*Asks:* 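Before we start, here is the structure in question, set down as structure tokens.
The chain is numbered in sequence order, starting from 1. Atoms within a ligand are numbered from 1 in the order they appear, just like the ligands themselves. For clarity, every value in this text was computed on a predicted model and none was experimentally measured.
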Amino acid sequence: MSADRLRLDDHIAALEAPQGLKSVLTVIAATCAQISDVVAGGALVGALGASGQINVQDEEQKKLDVITDDMLTQALLACPAIAGVASEEKDQVEPASNPAGEYLALFDPLDGSSNIDINAPVGTIVSVLKSATPTPVEADFLQTGRHQVAAVYAVYGPQTMLVLTTGDGVKGFTLSNDGQWLLTHDDITISPDTKEFAINVSNQRHWAEPVQRYLDGVLQGAEGPRGKNFNMRWVAAMVADVHRILMRGGVFLYPWDKREPNKPGKLRLMYEGNPMALLVEQAGGKATTDGVQPILDVQPTQLHQRIPVALGSANEIDAFASA
Ligand SMILES: O=P(O)(O)OC[C@H]1O[C@](O)(COP(=O)(O)O)[C@@H](O)[C@@H]1O
Ligand SMILES: [Mg+2]
Ligand SMILES: [Mg+2]
């Protein structure tokens, strides 16, 4: 059965894209396959538990945050087409010393860190931009998400999957037992309507009025203004919640809340918001900060800036916007 499936290597080779981008995608895929082994090894390979270090997000890093950050950084900096990298786990951008470097990779090496020690789904998220110079500084990374030339995530769940776009639709590959990425999900599209929402309801009392109204409408179900029953899901890993939406529709919401009024949201624009937004839009969904403003149009000002997120099935995001 696997023999006649398209291999990711062949898909990348056939892409109408510069050789440099193809090599960057190949390095990302190979490293995610290696990360999959480390994640699966868990305690057997010392990949569980806290590292005892605090990152730029002021969060305690898990050992796996540090391990995966090192794996991706080393692999990408060794790729001649890479000019520089940025990571959730690093304060500053890191320029590569590749004279022919022409791409920037921004990544969340391990998404869903709170799931690591409970054997729940986690992932890796990568955004790829063009670099104006082979020796980039932070300002060179601060491009809107519309400038992305590729977006990729890997989800380490019952299967390990890699989902990517280079701006021409979305494809999903599954990692085979012998370490090959094989096409299993071609031309992924998101249904415009849904009965499934994902939001961390424990934060409800802190949300702004419109978000409260939206949830009230949803929770009233068929008896309420929405006239239909909804179901809720929350994996506590954006990569897994968005993957579900790419597979069967739904909306994912992580809004602003008043506990930290100056913090626009929890999730990070450059290596969570932008790559997921490109994948969702390429699959026919909507990815916004507030139901209206496209995430991909947000002009970045800081490498680790946060945004509110409302993405998924297009008509349901419109319903969120008009709540
Ligand atoms: O703890 P909460 O509120 O459920 O937040 C979960 C969210 O935080 C995140 O884990 C943040 O990402 P990291 O794990 O990469 O820091 C998202 O993946 C997820 O959607
Ligand atoms: Mg994350
Ligand atoms: Mg992370």
Side-chain angles (χ1 to χ4, degrees), residues 28 31-32 35 38-39 47-51 53-73 85-91 105-127 151-157 163 196-207 211 215 232-246 250-260 263-277 279-280 287 289 295 303-312:
I28 294 169
T31 311
C32 287
I35 290 174
V38 176
V39 170
L48 301 188
S51 70
Q53 299 162 55
I54 303 292
N55 66 11
V56 63
Q57 324 280 341
D58 205 22
E59 293 162 354
E60 180 171 37
Q61 291 175 308
K62 298 281 187 178
K63 286 183 186 160
L64 206 51
D65 287 323
V66 178
I67 294 167
T68 54
D69 183 46
D70 290 346
M71 290 171 75
L72 267 170
T73 301
V85 301
S87 166
E88 175 194 2
E89 303 303 336
K90 286 185 177 50
D91 300 19
L106 304 90
F107 49 86
D108 177 352
L110 202 286
D111 180 61
S113 303
S114 66
N115 284 353
I116 295 168
D117 296 345
I118 60 165
N119 196 14
V122 293
T124 296
I125 310 173
V126 188
S127 168
V152 184
Y153 72 74
V155 56
Y156 313 111
V163 175
E196 206 161 54
F197 69 97
I199 193 166
N200 184 339
V201 172
S202 67
N203 300 329
Q204 180 175 12
R205 65 191 180 285
H206 306 299
W207 296 332
V211 181
L215 196 76
M232 195 199 102
R233 287 287 181 270
W234 186 251
V235 187
M238 182 187 196
V239 71
D241 281 308
V242 172
H243 185 70
R244 182 188 59 252
I245 290 170
L246 285 163
V251 289
F252 170 82
L253 310 166
Y254 213 115
W256 167 91
D257 80 43
K258 63 177 179 287
R259 278 173 296 182
E260 297 178 79
K263 200 163 129 180
K266 172 168 184 170
L267 301 170
R268 283 56 59 123
L269 173 63
M270 300 308 286
Y271 39 79
E272 291 171 321
N274 275 338
M276 289 309 199
L279 286 156
V280 165
T289 58
I295 290 173
L303 187 61
H304 300 290
Q305 74 184 78
R306 299 170 188 260
I307 50 161
V309 172
L311 60 78

*Asks:* Locate the shortest heavy-atom distance separating Leu253 from Ile199; write the atom from each residue and the value.
*Replies:* O-CG1, 3.4 Å
*Asks:* Can you check whether Arg268's main-chain N or O pairs, donor with acceptor, with His304's side chain at less than 3.5 Å?
*Replies:* no
*Asks:* Identify, by name, the N, O or S atom of Glu88 lying closest to the Mg ion (ligand 3).
*Replies:* OE1
*Asks:* Assess whether atom CG of Asn119 is packed by more than 12 heavy atoms of other residues, nucleotides or ligands within 6.0 Å.
*Replies:* no
*Asks:* So which bit of Val239 gets within less than 4.0 Å of ligand 1, heavy atoms only: side chain, backbone, both or neither?
*Replies:* neither
*Asks:* Any N/O/S of Gly112 under 2.8 Å from the Mg ion (ligand 3)?
*Replies:* no
*Asks:* Kindly state whether the ring of Trp234 and the ring of Phe252 have centres lying under 6.0 angstrom apart.
*Replies:* yes
*Asks:* Report the name of the N/O/S atom of Asp111 located nearest to the Mg ion (ligand 2).
*Replies:* OD1
*Asks:* With the threshold set at under 4.0 angstrom, would you say Leu110 reaches ligand 1 through any of its heavy atoms?
*Replies:* yes
*Asks:* side-chain contact (heavy atoms from CB on, under 4.5 Å) for Tyr153 and Cys32? Distances and angles first, verdict last.
*Replies:* CA-CA 9 Å; Tyr153 72 74; Cys32 287; over 6 Å; no
*Asks:* Under 4.5 Å between any side-chain heavy atoms of Leu110 and Ile67, yes or no?
*Replies:* no
*Asks:* Classify the contact between Lys62 and ligand 1 as side chain, backbone, both or neither, using a heavy-atom distance cut-off of under 4.0 Å.
*Replies:* neither
*Asks:* For Ser114 and ligand 1, answer yes if some heavy atom of the residue is under 4.0 Å from a ligand atom, otherwise no.
*Replies:* no
*Asks:* Check each heavy atom of Asp108 against ligand 1 and say whether those closer than 4.0 Å belong to the side chain, the backbone, both or neither.
*Replies:* side chain
*Asks:* Using a heavy-atom cut-off of under 4.0 Å, does the side chain or the backbone of Glu272 touch ligand 1, or both, or neither?
*Replies:* side chain
*Asks:* Give a yes or no on whether the backbone of Leu72 and the side-chain of Thr31 come within a donor-acceptor separation of less than 3.5 Å.
*Replies:* no
*Asks:* Angle at the Mg ion (ligand 2) between OD2 of Asp108 and OE2 of Glu272, to 10°?
*Replies:* 100°
*Asks:* Check whether any heavy atom of Gln57 sits under 4.0 Å from an atom of ligand 1.
*Replies:* no
